[in-house]
Amino acid sequence: MPETISLAAADGRPLDVAVVRPTGDPVGGLVVIHEIWGLSAHILDVAERFAAEGYLVVAPDILSHGGVAPALGSELFALMNDPDEAVRVAAQPRLRDALTAVRSSEYAEWAVGALQRVVDWLGDQPGVDGRLGAVGFCFGGTYTFLLAAADDRIRAAVPFYGSAPAPDRMHDIQAPVLALYGAHDPTLIDALPSVREDMAEAGVDFEAVVYPDAGHAFFNDTGSRFRPDEAADAWRRTLAFLSARLA
């Protein structure tokens with residue numbers, strides 16, 4: 001079961017981090033970065049699944065700083081996944097308002113710094129031995145890219161349907177990247193050809209997998225867009241990728 005520790009972000013504010021420990025010595029350390037819904041039960045379940053594979057896992061709550069605590073994130077998630085379209089449409093202005101703060105450059109700078117403090121802690125834990133990776137989903141996929149660009153201690157990065165950084169930031173990525181997408185996710189898929197070219201020009205070891213019958217958030221088994229076959233394949237690919245890079 002997860003335990004919660006409190007770290008200090010770069011600005012001194014407290015940062016809650018869920019920690020899930022493996023049985024026995026860790027095979028590496030993983031930062032798991034949540035979706036735009038915050039540190040949800042789904043993300044904690046994913047952290048536990050990685051811990052069952054032998055990883056020491058940390059899942060920081062970086063959205064509460066932007067005004068979206070886990071309870072609010074769960075409420076918004078339920079509204080946006082309601083089967084009634086009228087409920088989903090009515091909730092959109094509230095969702096936009098809730099996420100206003102986290103769309104600023106100031107928040108992004110804070111969040112990357114906070115994630116690096118998490119990496120500081122994780123890297124100091126017995127048995128990790130520099131074997132550090134990051135996995136994130138949606139919002140967390142975007143921050144997985146950004147963390148890899150900001151911190152060369154990250155040796156493997158797996159962003160699920162995240163937005164890649166600007167080309168000038170790609171040159172800072174030292175870790176190999178496995179990026180996972182659903183084809184029915186037009187904003188990211190339209191950008192992917194340029195992302196591939198820019199990653200190649202930057203010299204990043206970048207692999208993109210696109211699932212033709214999936215859309216955004218296909219891995220989230222608590223949401224309406226969950227695709228079990230694609231999620232299972234993505235899980236297998238992620239474990240193999242991490243094992244090869246963090247051995």
Side-chain angles (χ1 to χ4, degrees), residues 9-11 15 30-38 43 59-63 65-68 95-96 98-120 132-211 214-219 234 237-238 241-242 245:
D11 62 357
L15 173 69
L30 282 184
V31 182
V32 173
I33 311 175
H34 54 64
E35 297 172 299
I36 200 65
W37 317 111
I43 294 299
D61 172 13
I62 58 172
L63 262 181
H65 176 79
V68 183
L95 177 64
R96 286 194 298 269
L99 298 178
T100 297
V102 305
R103 302 196 187 283
S104 70
S105 58
E106 292 81 8
Y107 173 83
E109 182 178 357
W110 177 89
V112 172
L115 290 169
Q116 289 185 280
R117 291 299 180 95
V118 174
V119 174
D120 290 343
L132 296 166
V135 181
F137 304 88
C138 179
F139 166 92
T142 298
Y143 276 95
T144 297
F145 276 120
L146 291 173
L147 178 59
D151 200 320
D152 61 9
R153 293 173 294 178
I154 298 299
R155 288 174 40 181
V158 186
F160 279 70
Y161 28 83
S163 298
D168 63 326
R169 295 297 310 279
M170 293 179 188
H171 289 274
D172 296 324
I173 298 176
Q174 303 300 310
V177 177
L178 171 65
L180 300 157
Y181 304 94
H184 304 295
D185 194 354
T187 300
L188 296 180
I189 295 304
D190 289 350
L192 186 55
S194 294
V195 171
R196 291 183 194 269
E197 292 177 8
D198 293 335
M199 287 287 187
E201 183 177 335
V204 179
D205 179 357
F206 177 76
E207 177 185 1
V209 176
V210 179
Y211 293 100
H216 195 77
F218 69 82
F219 191 80
R237 288 178 184 268
T238 298
F241 179 83
L242 293 173
R245 272 67 181 183

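For the numbers below, each heavy atom of this structure counts, side chains included, while hydrogens, waters and symmetry mates do not.
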Side chains of residues 183-195: which donor-acceptor partners sit under 3.5 Å, not counting sequence neighbours?
unit_1	atom_1	unit_2	atom_2	d
His184	NE2	Pro212	O	3.1
Asp185	OD2	His216	ND1	2.7

Would you mind writing out the side-chain donor-acceptor pairs for residues 132-146 within the sub-3.5 Å range, not counting sequence neighbours?
unit_1	atom_1	unit_2	atom_2	d
Thr142	OG1	Ser163	N	2.9
Thr144	OG1	Gly136	N	3.0
Thr144	OG1	Gly140	O	2.7

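Every side chain to side chain contact (heavy atoms under 4.5 Å, CB included) that Ser104 has, sequence neighbours left out, goes to Glu106, Tyr107. Glu109 pairs by the side chain to side chain contact (heavy atoms under 4.5 Å, CB included) definition with nothing, not counting sequence neighbours. The ring pair (Phe, Tyr, Trp, His ring centres under 6.0 Å) check on Tyr211 picks up Phe218, with sequence neighbours excluded. Residues forming a side chain to side chain contact (heavy atoms under 4.5 Å, CB included) with Arg103 (at least two apart in sequence, or on another chain): Leu99. Qualifying salt bridge (charged side-chain N to carboxylate O under 4.0 Å, His left out) partners for Arg237, counting only residues two or more places apart in sequence or in other chains: Asp233. Take Asp198 and apply the side-chain hydrogen bond (donor to acceptor under 3.5 Å, both in side chains) test, not counting sequence neighbours, and it matches no residue.
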### Task
For side chain to side chain contact (heavy atoms under 4.5 Å, CB included), just list the numbers for Thr238 and Phe160, CA-CA rounded to whole Å, side-chain angles, deciding distance to a tenth of an Å, and then say yes or no.
CA-CA 10 Å; Thr238 298; Phe160 279 70; 3.6 Å; yes
### Message
Using the rule given for side chain to side chain contact (heavy atoms under 4.5 Å, CB included), can you reason through Leu180 versus Glu207, listing the C-alpha separation, both sets of side-chain angles and the distance that settles it, and then say yes or no?
### Response
CA-CA 9 Å; Leu180 300 157; Glu207 177 185 1; over 6 Å; no
### Task
Take His65 and Leu15, measure what side chain to side chain contact (heavy atoms under 4.5 Å, CB included) needs, and give me the verdict at the end.
CA-CA 8 Å; His65 176 79; Leu15 173 69; over 6 Å; no
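Residue pairs meeting the salt bridge (charged side-chain N to carboxylate O under 4.0 Å, His left out) criterion with at least one partner in residues 167-181, sequence neighbours excluded, are Arg169-Asp172. A side-chain hydrogen bond (donor to acceptor under 3.5 Å, both in side chains) check over residues 152-161, counting only residues at least two apart or in different chains, returns the pairs Asp120-Arg153, Asp151-Arg153.
Summarising the geometry, atom CD belonging to Glu35 is positioned 10.5 Å from atom CG belonging to Leu63; distances are rounded to the nearest 0.5 Å. To the nearest 0.5 Å, atoms NE2 (His34) and CG (Asp61) are separated by 5.0 Å. The distance from atom CD1 of Ile33 to atom CG of Leu147, rounded to the nearest 0.5 Å, is 5.5 Å. Rounding to the nearest 0.5 Å places CG of Asp11 at 8.5 Å from CZ of Arg117.
Scanning all heavy atoms of the two residues, the minimum distance from Ala150 to Gln116 falls at O-NE2, 3.3 Å. Closest approach of Val210 to Gly182, counting heavy atoms only: CG1-C, 4.3 Å. The two residues Ala175 and Ile154 have their closest heavy-atom pair at CB-O, 3.1 Å.
For the pair Pro165 and Met170, the minimum side-chain heavy-atom distance is below 4.5 Å. Counting only heavy atoms from C-beta outward, the side chains of Pro159 and Val177 approach each other to under 4.5 Å. Residues Trp110 and Ile62 are in side-chain contact: their nearest non-hydrogen atoms beyond the backbone lie under 4.5 Å apart.
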